[in-house]
Amino acid sequence: MRLKWALLNRQTLVFKVFFSFLVIILLFSVFNLLSVHLFNRSVQNEIIQYNRLMLRNAAERYETHLERIRTLLFDIYMNEQVVAFNRQLHRKTEDEIDYWKAGDVLKSLRSPAYNPMFFLNNFFLYFDSQNLIVEKEGTVEAEMMFTKFYESDAYPLSFWKEELARDSNYVLHPEATFTVSTLNSSVDVQLIPFSFRATSSNYLAIALLDARALQEAFFGSDNRHFMILTQDGSLLYRSSDALAAEEIPSFANGKEYGLSGDYYFFIDRGADLTYVTAVPYANIASQVRNASLMLLLICAVSIVIGVFVSVFLSRKINRPVKQMVTSILRRDPVKLQSAILEFDLIHQNIYELMKERESIQKDLSGKRSLLTSFGYINKLKAITSDINEWKDIAEMDEPFVIVLYQLHFKTRIVASSQMKPERMAYYIQEYINVVISERMPSAHTFQIENNQILSLIRSEEIPGALEDALARLKAILDRDKSYFLVTIAVSSVYDQAVKLSEAYRQVLELALQARPLDECQVIRDYRRLPAHPVLTVPQEQELYANLQAGNHLFCTAFMERMLGQMDKKEASLHQLRELAMGVVVRVAKMLEPYGVDADSSMRQKQLELMEECCTIEQFKQFLAQLFHTAADIVQSRKQEEDPIITFVMDYVVNRFAEDLSLDLLADKLNLSVAYLSVYIKEKTGANFSEHINAVRISKAKEMLLETDLSVKEISLRIGYQNVTSFIRMFKKMTGSPPGEYRKNKLIEAGGGEFPDRVTASD
């Protein structure tokens, strides 16, 4: 009997699955279209409400901030020092005026002027009596202030003179462009002057609000236009020149928004000011349209994808079922009993399928040995090798031992001999094969990597013969240790050939335990290795600071102590290489700001030297050369003169014994403390305090060796008031306390007796 598989056949599985998918797609499509319809009706209202809320929040912030500035103006204006200074200017002659009192006034101005929460560009006190202005940086003549430092066509000196005759106390002036000039540059900024004058007074307090900073903090910076109007409708501030105050429509009946021209206008009225936002109508319409189109596109794409997925899944589900049914029908067709033909036939033939599965399982069990053999061959092939006679190894079914010969070529010496490492490795492998085969004929020796040779030895040949062979190999290979070194790792005895990969991993681990010795090493057992050495963050910072200061001798001494400690703990050669590699990487990273050439020099020249290191002394020499090279690179990049850095360094060198501070230098350079701190760190790579300590400790070394002063006296002379702090810093930078440093240097110089004034405090 032949079945007709047609999509319209309601009894088939493919029809029922596909129809179910289409119903689900239809339901989701209706839901999406309804969502789009509802979204279009509400999204525009949501956008309008959002803009109203944003404007209301901005207006509240502006009102609160202006009230805070109003309070600030009054407090400073009525400050006792300000009133006293004005009285002195007004009543005394110029010769009798104590201008030092301006310092007290200046202190009352600086704190609010530099407070970022006030968004002030500057704060002035204009005293008409002497035509004098006190601002956050000091005192200046009014004419110079408004013609050189804060120049504006809208607010010249004549304007502020007229303001001294006004009747009102607080006046918030319209925004204007000020050209603000400093010693090095000038820039145009948008400022809103806010002034205060008490009745019948002859001086004026002026706060210059940063208009752009206020807008970004209280309103944001997007494509919406923002304006602030006074009570009479004149423009106080606007974010762009695209709209004028005349284009704002009237809002009747307390309405807070409206459409006029190409803009939606939103308004919020404060106590004295009116705040307006103008949002392009095209933006709102575009947002609604884009959202609708996006939803419709997603809906259409979902429908198309859903239909294709339905067809694909229907066919995917139906195809294997159809194949099973066809195979069953060809053997024993039966009468249909189920509404779905496929499941009915599968049910009728479950028993036969179980029988077939049992027979297949028996067949697979008989072939288990063949599968095991293939598994072993795959393990053998996992080791990269050029072996052609591995069949004997695969057939070996007895205990064995693996011997690994790890080669380490001394690259520069090998290169000078005009012989390639690959050729040398081939000769070494041939010689090892001869020595091992003479004493253990069934052994196999082959090269698996450019620097790895492997010998596989049967266990019955091992006693005595292997020890004799390895002793002879060590004696011969040590003769050529100037060209290469060999680490020989001997595995345990393994009783099954399928454990070849496990034995190989063991000898690799044993080879990593080689000690830093300039000779061939034979390793048979594991030993307890110390923890991997890692530089702590303070140690890295200390090395960094000393390299930046050119103190490579400290870095060398520090690493020599660390290598000495590792040698006492019997660290492996691999651990020393990891430590050296970490130092190279950190030093190269430190040199990155000095240019690509410096980083390339470290990586190309120093890494080659590290590969040659095989002993503790060689590692010490390598690291000493590394630090010396790095210090030279840093110093060479610092040769360019910088006037600020030159002034700072000269000041530190000449006055290191005084109570130096960054505040003092910043004041002399007319710079902020934060800027000067960052500038010194960026230009020199070290903090200001690190430079002071470096100069002081250098001077202390000279005094320890050239005078008989005690440690306490030296501490006071170089600027440390606390001798404990001096001893701690000296030990940190030199590795030993001052007294011990003095004694060691005298011993090294052969200087007989110690100075009489070397006391216990030393």
Side-chain angles (χ1 to χ4, degrees), residues 401-440 443-457 461-491 504 506-527 529 563 566-578 580 608-622:
V401 169
I402 282 183
V403 180
L404 173 68
Y405 310 89
Q406 184 75 46
L407 309 181
H408 175 70
F409 293 100
K410 299 182 178 180
T411 310
R412 291 187 300 169
I413 299 177
V414 171
S416 64
S417 67
Q418 298 182 349
M419 181 177 290
K420 294 183 178 180
E422 295 83 1
R423 196 63 180 171
M424 294 181 69
Y426 172 76
Y427 289 137
I428 295 170
Q429 182 260 329
E430 288 296 320
Y431 178 73
I432 292 174
N433 185 37
V434 171
V435 174
I436 296 296
S437 298
E438 285 179 355
R439 291 159 177 77
M440 293 160 283
H444 294 272
T445 300
F446 44 86
Q447 185 175 353
I448 60 175
E449 296 288 351
N450 290 335
N451 60 346
Q452 287 185 359
I453 299 171
L454 207 66
S455 291
L456 191 145
I457 306 168
E461 299 178 333
I462 293 175
L466 179 59
E467 296 297 328
D468 182 46
L470 294 181
R472 181 179 176 185
L473 282 174
K474 174 175 169 52
I476 298 300
L477 293 174
D478 277 342
R479 296 177 184 176
D480 293 321
K481 64 181 180 181
S482 59
Y483 294 95
F484 60 86
L485 295 176
V486 182
T487 300
I488 303 175
V490 183
S491 75
Y504 179 65
Q506 181 190 5
V507 293
L508 287 178
E509 294 174 358
L510 287 172
L512 294 178
Q513 297 198 337
R515 291 277 291 135
L517 302 173
D518 193 20
E519 62 179 28
C520 176
Q521 300 181 57
V522 180
I523 303 173
R524 297 179 177 81
D525 302 311
Y526 288 100
R527 63 185 177 89
L529 293 175
L563 289 172
M566 292 179 63
D567 190 39
K568 290 181 180 179
K569 296 178 181 180
E570 296 187 351
S572 67
L573 179 62
H574 176 68
Q575 289 178 312
L576 295 180
R577 291 188 188 281
E578 286 190 338
E608 293 179 1
L609 294 175
M610 191 199 69
E611 292 298 327
E612 303 293 324
C613 297
C614 298
T615 65
I616 290 291
E617 291 303 320
Q618 290 174 347
F619 276 104
K620 290 180 179 179
Q621 294 174 7
F622 160 71

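Keep in mind the model is a prediction, meaning the values are calculated, not measured. Values below: all heavy atoms of this structure, side chains included; hydrogens, waters and symmetry mates excluded.
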Sequence neighbours left out, what passes side-chain hydrogen bond (donor to acceptor under 3.5 Å, both in side chains) with [X]? Give chain and number order.
X	answer
Ser437	Asn433
Ser491	none
Arg527	none
Gln429	none

Closest approach of [X] and [Y], non-hydrogen atoms and distance?
X	Y	result
Ile402	Val507	O-CG1, 3.6 Å
Thr445	Ser455	OG1-OG, 2.9 Å
Ala580	Phe622	CB-CE2, 4.0 Å
Val435	Ala469	CG1-O, 3.9 Å

With side chains defined as the heavy atoms from C-beta onward, is the minimum distance between [X] and [Y] less than 4.5 Å?
X	Y	value
Glu467	Arg524	yes
Val401	Met440	no
Ile436	Val403	no

When the side chains of residues 475-486 are checked against the rest of the protein, which donor-acceptor pairs come out under 3.5 Å, sequence neighbours left out?
residue, atom, partner, partner atom, Å
Asp478, OD1, Cys520, N, 2.6
Asp478, OD2, Lys474, NZ, 3.2

| Interatomic distance, Ile453 atom CD1 to Ile428 atom CD1 [nearest 0.5 angstrom] |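 If we round to the nearest 0.5 Å, Ile453:CD1 and Ile428:CD1 are 6.0 Å apart.
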| task | Drop me the distance from Leu454's CG to His444's NE2, to the nearest 0.5 angstrom. | result |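 So the CG of Leu454 and the NE2 of His444 are separated by 12.0 Å.
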| message | Within the 3.5 Å criterion, strictly below it, is a donor on Gln406 or Gln452 matched to an acceptor on the partner's side chain? | response |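 The answer is yes; a qualifying pair exists.
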Sequence-distant partners of [X], side chain to side chain contact (heavy atoms under 4.5 Å, CB included), two or more places apart:
X	value
Glu578	His532, His574
Ile523	Thr487, Leu510, Ala514
Leu576	Pro516, Leu563, Met566, Ile616, Phe619

| Is there a donor-acceptor pair closer than 3.5 Å between any side-chain N or O of Arg577 and the backbone N or O of Cys613? | yes
| message | Under the rule for salt bridge (Lys or Arg N to Asp or Glu O under 4.0 Å), what residues qualify as partners of Arg472, not counting sequence neighbours? | response |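 With sequence neighbours excluded, Arg472 shows a salt bridge (Lys or Arg N to Asp or Glu O under 4.0 Å) to Glu438, given in chain and number order.
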| message | Tell me which pairs pass side-chain hydrogen bond (donor to acceptor under 3.5 Å, both in side chains) where either residue lies in residues 507-520, with sequence neighbours left out. | response |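 Those involving residues 507-520 are Lys410-Asp518, Glu509-Tyr526, Arg515-Asp567.
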